[in-house]
Amino acid sequence: MLRGEYQATLDEKGRISIPARLREGIPDNALILTKGMFESCIWAFTPENHEKVTESLRSFWSANANMPMTPRQKDMFDHRLSFSTSEAEIDKTGRIMVPQKFRDHGGLSKDCVILGAGIRIEIWDAVRYTEYEQRQEEQLEAVLEKMGPFNLC
């Protein structure tokens, strides 16, 4: 499992260093990049995890054929995860090249945040990530208010 939050810098050539702790969980120094599904960030999977996610999505569509989604909407998910991807190899210094279309999608500037998010890595522009965290915090507070007293012990 990929875990942790790290500060990173995108260089002028579009390269970013993958933190050593995360690289430990990446066999063969290979990643598959795709646009984040729900937010303007970049998702990076190991090839094995990317295959698991795409296969899981296909299985979901098969098992839920009557789900109220149009074929076009289903194709959108398939396209995002299967076709709108780029392979990235971690070089000897721990960096990957982030293609321009992904930098544009994520609005990446020099200052970035890299998250280990379970089976994937997320690459965020630092300002966008701060805004995302603030929205998440507000939503959490709203949910906790609805829940009333709650004991985590």
Side-chain angles (χ1 to χ4, degrees), residues 1-11 14-26 30-61 63-64 67-70 72-88 90 94-153:
M1 296 297 275
L2 303 166
R3 298 270 184 244
E5 178 180 319
Y6 308 89
Q7 303 304 310
T9 301
L10 183 73
D11 73 15
R15 298 174 299 197
I16 194 165
S17 291
I18 302 298
R21 282 211 164 195
L22 295 179
R23 290 195 312 262
E24 293 170 2
I26 302 171
L31 291 170
I32 305 291
L33 304 180
T34 188
K35 296 174 183 176
M37 189 70 73
F38 310 109
E39 295 287 340
S40 294
C41 66
I42 300 164
W43 287 358
F45 295 93
T46 64
E48 178 183 354
N49 284 342
H50 184 263
E51 183 61 33
K52 287 178 184 176
V53 168
T54 54
E55 189 55 43
S56 177
L57 184 60
R58 288 187 189 107
S59 295
F60 176 81
W61 295 140
N64 296 282
M67 187 175 178
M69 288 185 83
T70 66
R72 181 178 163 97
Q73 290 168 324
K74 291 177 184 177
D75 286 347
M76 175 189 64
F77 280 97
D78 279 342
H79 184 269
R80 177 67 60 94
L81 285 173
S82 300
F83 307 117
S84 183
T85 62
S86 180
E87 295 181 13
I90 300 172
R95 300 175 303 186
I96 61 168
M97 173 62 75
V98 180
Q100 187 66 50
K101 73 177 183 176
F102 292 104
R103 295 193 308 256
D104 292 345
H105 171 77
L108 299 185
S109 61
K110 182 179 179 182
D111 297 321
C112 296
V113 175
I114 296 180
L115 302 175
I119 65 165
R120 71 177 180 265
I121 291 170
E122 294 182 0
I123 303 171
W124 287 81
D125 175 75
V127 171
R128 283 190 180 187
Y129 183 67
T130 299
E131 292 167 354
Y132 170 78
E133 279 190 308
Q134 289 170 346
R135 287 192 311 274
Q136 293 294 96
E137 191 66 30
E138 291 166 6
Q139 291 173 3
L140 176 61
E141 287 175 16
V143 168
L144 290 175
E145 283 178 20
K146 288 180 182 178
M147 292 174 66
F150 183 68
N151 187 353
L152 292 176
C153 298

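To the nearest 0.5 Å, the span separating CH2 on W43 from CD1 on I32 amounts to 15.0 Å. To the nearest 0.5 angstrom, I26 atom CD1 is 8.0 Å from I96 atom CD1. With rounding to the nearest 0.5 Å, the separation of CG in L22 from CD1 in I90 is 9.0 Å. Atoms OG1 and CG, on T54 and N49 in that order, are 10.5 Å from each other to the nearest 0.5 Å. Rounded to the nearest 0.5 Å, atoms OH (Y6) and CD1 (I121) are 9.0 Å apart. Here I123 contributes atom CD1 and I18 contributes atom CD1; the two are 5.0 Å apart, rounded to the nearest 0.5 Å.
Taking both residues in full, the closest heavy atoms of S40 and R128 are given as CB-NH1, 2.9 Å, listed atom of the first, atom of the second, then distance. Nearest heavy atom pair, residue T46 against residue L31, reads N-CD2, 4.1 Å. Taking each heavy atom of P99 and S86 in turn, the nearest pair found is CG-OG, 3.4 Å. Scanning all heavy atoms of the two residues, the minimum distance from F45 to V53 falls at CE2-CG2, 3.7 Å.
By the side chain to side chain donor-acceptor pair (under 3.5 Å) test, E5 pairs with Y129, sequence neighbours left out. For Q139, there are no side chain to side chain donor-acceptor pair (under 3.5 Å) partners, not counting sequence neighbours. Remark: R120 engages E122 in a salt bridge (charged side-chain N to carboxylate O under 4.0 Å, His left out) (not counting sequence neighbours). Residues forming a side chain to side chain contact (heavy atoms under 4.5 Å, CB included) with R15 (at least two apart in sequence, or on another chain): D11, K13, R95, M97. Partners of Q100 by side chain to side chain contact (heavy atoms under 4.5 Å, CB included), not counting sequence neighbours, listed by chain and number: R103, D104.
The environment of CZ in R21 is sparse: at most 12 heavy-atom neighbours from other residues, nucleotides or ligands sit within 6.0 Å. The 12-atom threshold is not exceeded at CD of E87, counting heavy atoms of other residues, nucleotides or ligands nearer than 6.0 Å.
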Side chain to side chain contact (heavy atoms under 4.5 Å, CB included) assessment of E137 paired with E141: CA-CA 6 Å; E137 191 66 30; E141 287 175 16; 3.8 Å; yes
Full working for side chain to side chain contact (heavy atoms under 4.5 Å, CB included) between L140 and Q136: CA-CA 6 Å; L140 176 61; Q136 293 294 96; over 6 Å; no
Would I119 and K52 count as a side chain to side chain contact (heavy atoms under 4.5 Å, CB included) if you check the C-alpha gap in whole Å, the side-chain angles of each, and the deciding distance to 0.1 Å? CA-CA 10 Å; I119 65 165; K52 287 178 184 176; over 6 Å; no
For residues 108-118, which side-chain donor-acceptor pairs fall under 3.5 Å, sequence neighbours excluded?
unit_1: S109; atom_1: OG; unit_2: D125; atom_2: OD1; d: 2.5

